[in-house]
Amino acid sequence: MKGGESNRVAENMTISNSQLGPPRGTQLTWKFWQQRRYILVVLAFLGFINAYALRVNLSVAIVAMTEPRNVTLDDGTVVEKAEFDWDSKQQGLVLSSFFYGYICTQILGGIIASKIGGHYVFGLGIGVTAVMTLLTPLAAKFNIYVLVAVRIIEGLFEGITFPCMHAIFSRWAPMYERSRMASFAFSGSYFGTVVSLPLSSLLAVNWGWESVFYCFGALGCAWCVAWLAIIKPGPETDPYISEAEKTYILSSIGSNEKQKIKHPWKDIVTSTAVWAIVASHFAENWGFYTLMTQLPAFLIDTLGFDLGESGFLSAVPYLAMTCLLAVGGYLADWTQVKGYLTTGQVRRYFNCGSFLAQTTFMMLAAFLLHPVWSVVSITLAVGLGAFAICGYMVNPLDLAPNHASVIFGLSNTVATIPGIVSPLLTGIIVTNKTNSEWQIVFYISASIYLLGAFVYWFLCRGELQPWAQTFPTDQQVQPSAASAGKEAEKTV
């Protein structure tokens, strides 16, 4: 049997076993608090809301910080003066500085999470970032370099959050619930953008730009306390989980308790399937970070919106993405459970289809430059990225569940480069704030989406990799899940 055929057979065997579904008493209901894994997902969703709110609030606040306003001098003369007289290149430096720290801790966060438990690392990452956000106004008033240093520290601690979530899901997410659990949790990052952009505008306009950082910093600290108090490292150590749910989860993924994990670094860095994830992640983040940091300025410079309007309109694309993530996650799992698509096909079709659509709508947004149709095109370009999340973002759990956190750490390290380069490049290109300059920015993003689709289509894989089969039960997890699921059902 050829390699490709054997992979398809293996995936179809997995789908067949997963069709049994969870035992009675462990299914998803609207009473999510009755299942501990769903409590975890909801709190992770809220955590990512905080993570991105702490990250993107500066995109709006910096407009208020550098906007000229009427100032009365000592002699009574009224002049227009900005509180911070930063040019476009300095603003690009401030906006990109977060990612200087963020890029340094991706792999480290994945390694630490796989050893001590992802839930501790996740809580610490967001908690420290929230504290540093509270200090941001003081740092900005001192000088621009202190502000850059604070943002770098924020990036260092927030850099560990995404990789460690894969370590959390490797202990909590049953095999055929991975797409919906991961997509719902990660959708918090986009909903955080939805919340923070308009709320930052309201706070900046009505209570001053300082209130933006005080508000989101306080919320982040409150979430950290709740997370560490409620969430446990895994179902084995959770005193509140039911026996039926614990048996179901552990039979599906195996127990991680007291398991020593040795990461096969050579196999990871030489795997084409891993680099497919890296390339796709880079492409998605280029477009995402470009719009996240520059969309308010684009709406003001080219489409004539004011600060308040730009904050609300900038949130619309991420609201669309949040809604479509729930749809995409469900469809990805459903097509596998029904046997319509293998895991590899789901990842490839969802990811590449999304990128092609994003390429098209980014080009349209740049070409049209219309107050209505450009916003519609940008909304579709960002929103349809939800289906790509069901591809590259979940894919590390397919390839190597025990090493998913470090794979994602590697991927997110490379995918952080756009966060550094894109704002700086935009600052260099958009010096006169003309339409043609902004069109170049959008055409670059569209080209990178297209390249990402090409690479992922040919290199992605959806099955457990040979180098990830570190113990004999790796290939027996699904059959044991089926039998244990029946046993769990008897206990309910």
Less than 4.5 Å apart, any side-chain heavy atom of [X] and any of [Y]?
X: M393; Y: F408; answer: yes
X: F288; Y: P418; answer: no
X: F142; Y: V150; answer: no
X: S200; Y: F216; answer: yes
X: I103; Y: I420; answer: yes
X: S59; Y: Q294; answer: no
X: F213; Y: L58; answer: yes
X: F84; Y: N143; answer: no

Say whether, by atom type as modelled, one donor and one acceptor occur between the side chain of [X] and the main chain of [Y] under 3.5 angstrom.
X: Q106; Y: L410; value: no
X: T302; Y: L299; value: no
X: W275; Y: V269; value: yes
X: S271; Y: I268; value: no
X: Q358; Y: A381; value: yes
X: W286; Y: I444; value: no
X: T290; Y: S422; value: no
X: T431; Y: G427; value: no
X: S354; Y: L384; value: yes
X: E177; Y: A173; value: no

Just grab all the salt bridge (Lys or Arg N to Asp or Glu O under 4.0 Å) pairs involving residues 182-199, residues at least two apart or on different chains.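 Qualifying pairs, neighbours excluded: none.
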
Approximate separation, where rounding is to 0.5 Å, of [X] [atom1] and [Y] [atom2]:
X: L156; Y: T105; atom1: CG; atom2: OG1; value: 5.5 Å
X: C460; Y: D398; atom1: SG; atom2: CG; value: 9.5 Å
X: I49; Y: S189; atom1: CD1; atom2: OG; value: 9.5 Å
X: L250; Y: W172; atom1: CG; atom2: CH2; value: 9.0 Å
X: R151; Y: F99; atom1: CZ; atom2: CZ; value: 8.0 Å
X: L40; Y: I231; atom1: CG; atom2: CD1; value: 4.5 Å

Answer yes or no: are there more than 12 heavy-atom neighbours, outside L138 itself, under 6.0 Å from its atom CG?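 Incorrect, the count does not exceed 12.
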
Is it the case that more than 12 heavy atoms not belonging to N206 sit under 6.0 Å from its CG atom?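 For N206, atom CG is crowded (more than 12 foreign heavy atoms under 6.0 Å).
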
So, are R36 and E245 salt-bridged, with charged N and O less than 4.0 Å apart?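 Looking at E245 together with R36, the answer is no, because their closest N to O distance does not fall below 4.0 Å.
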
Carboxylate-amine/guanidinium contact K246 E236, below 4.0 Å: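 No, K246 and E236 are not salt-bridged.
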
Check each of W227, F162, F157 against F122 using the ring-ring contact (aromatic ring centres under 6.0 Å, His included) test, and report the only one that passes.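 Only one of W227, F162, F157 forms a ring-ring contact (aromatic ring centres under 6.0 Å, His included) with F122, namely W227.
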
Are the ring centres of F186 and F45 closer than 6.0 Å?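 Ring centres of F45 and F186 not closer than 6.0 Å.
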
Taking the six-membered ring for Trp, are Y330 and F184 ring centroids under 6.0 Å apart?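 Here the rings of F184 and Y330 have centres that are no less than 6.0 Å from each other.
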
What's the shortest heavy-atom distance between [X] and [Y], and which atoms?
X: T413; Y: G409; result: OG1-O, 2.7 Å
X: G383; Y: L324; result: O-CD1, 3.4 Å
X: A388; Y: F355; result: CB-CE1, 3.7 Å
X: P235; Y: I249; result: CG-CG2, 3.9 Å
X: S374; Y: L303; result: CB-CD1, 4.2 Å
X: S411; Y: H281; result: OG-ND1, 2.6 Å

Kindly indicate, with the supporting measurements, whether the criterion side-chain contact (heavy atoms from CB on, under 4.5 Å) is fulfilled by I429 and W438. CA-CA 8 Å; I429 295 172; W438 280 109; over 6 Å; no

Which residues share a salt bridge (Lys or Arg N to Asp or Glu O under 4.0 Å) with E284, sequence neighbours left out: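 Not a single residue meets the salt bridge (Lys or Arg N to Asp or Glu O under 4.0 Å) criterion with E284.
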
The criterion is salt bridge (Lys or Arg N to Asp or Glu O under 4.0 Å); which residues satisfy it with D333, sequence neighbours excluded?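 D333: salt bridge (Lys or Arg N to Asp or Glu O under 4.0 Å) contacts with R180.
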
Kindly determine whether F98 and V148 satisfy side-chain contact (heavy atoms from CB on, under 4.5 Å), including the steps that lead there. CA-CA 8 Å; F98 174 92; V148 167; over 6 Å; no

Please list all pairs passing the side chain to side chain donor-acceptor pair (under 3.5 Å) test where one or both residues lie in residues 208-223, with sequence neighbours left out.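 Every pair satisfying side chain to side chain donor-acceptor pair (under 3.5 Å) with a residue in residues 208-223: E83-W209, K141-E210.
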
I'd like a table of donor-acceptor pairs (distance under 3.5 Å, sequence neighbours excluded) in which one partner is a side-chain atom from residues 315-323, with atom names and distances.
| from | atom 1 | to | atom 2 | distance (Å) |
| --- | --- | --- | --- | --- |
| Y318 | OH | M292 | N | 3.2 |
| T322 | OG1 | F191 | N | 3.2 |
| T322 | OG1 | Y318 | O | 2.7 |

Determine whether the side chains of N57 and Y52 contain a donor N or O and an acceptor N or O closer than 3.5 Å.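 The criterion, which ignores hydrogens and geometry beyond distance, is not satisfied for Y52 and N57.
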
Answer with yes or no whether the side chains of T343 and Q336 bring together a donor and an acceptor at under 3.5 Å.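 Yes - a donor-acceptor pair under 3.5 Å links their side chains.
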
Residues L291, M362; criterion side-chain contact (heavy atoms from CB on, under 4.5 Å); working and verdict: CA-CA 10 Å; L291 292 176; M362 286 292 277; 4.1 Å; yes

Please say whether the positively charged group of R55, taken as NZ for Lys or CZ for Arg, lies over the ring of Y102, i.e. under 6.0 angstrom from the six-membered ring centre and within 45 degrees of the axis.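 Positive - R55 is close enough to the ring of Y102 and near enough to its axis.
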
Under the rule for side-chain hydrogen bond (donor to acceptor under 3.5 Å, both in side chains), what residues qualify as partners of N351, not counting sequence neighbours?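 side-chain hydrogen bond (donor to acceptor under 3.5 Å, both in side chains) list for N351, sorted by chain: S280.
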
Evaluation steps, side-chain contact (heavy atoms from CB on, under 4.5 Å), between W86 and L147: CA-CA 13 Å; W86 300 331; L147 174 60; 3.6 Å; yes

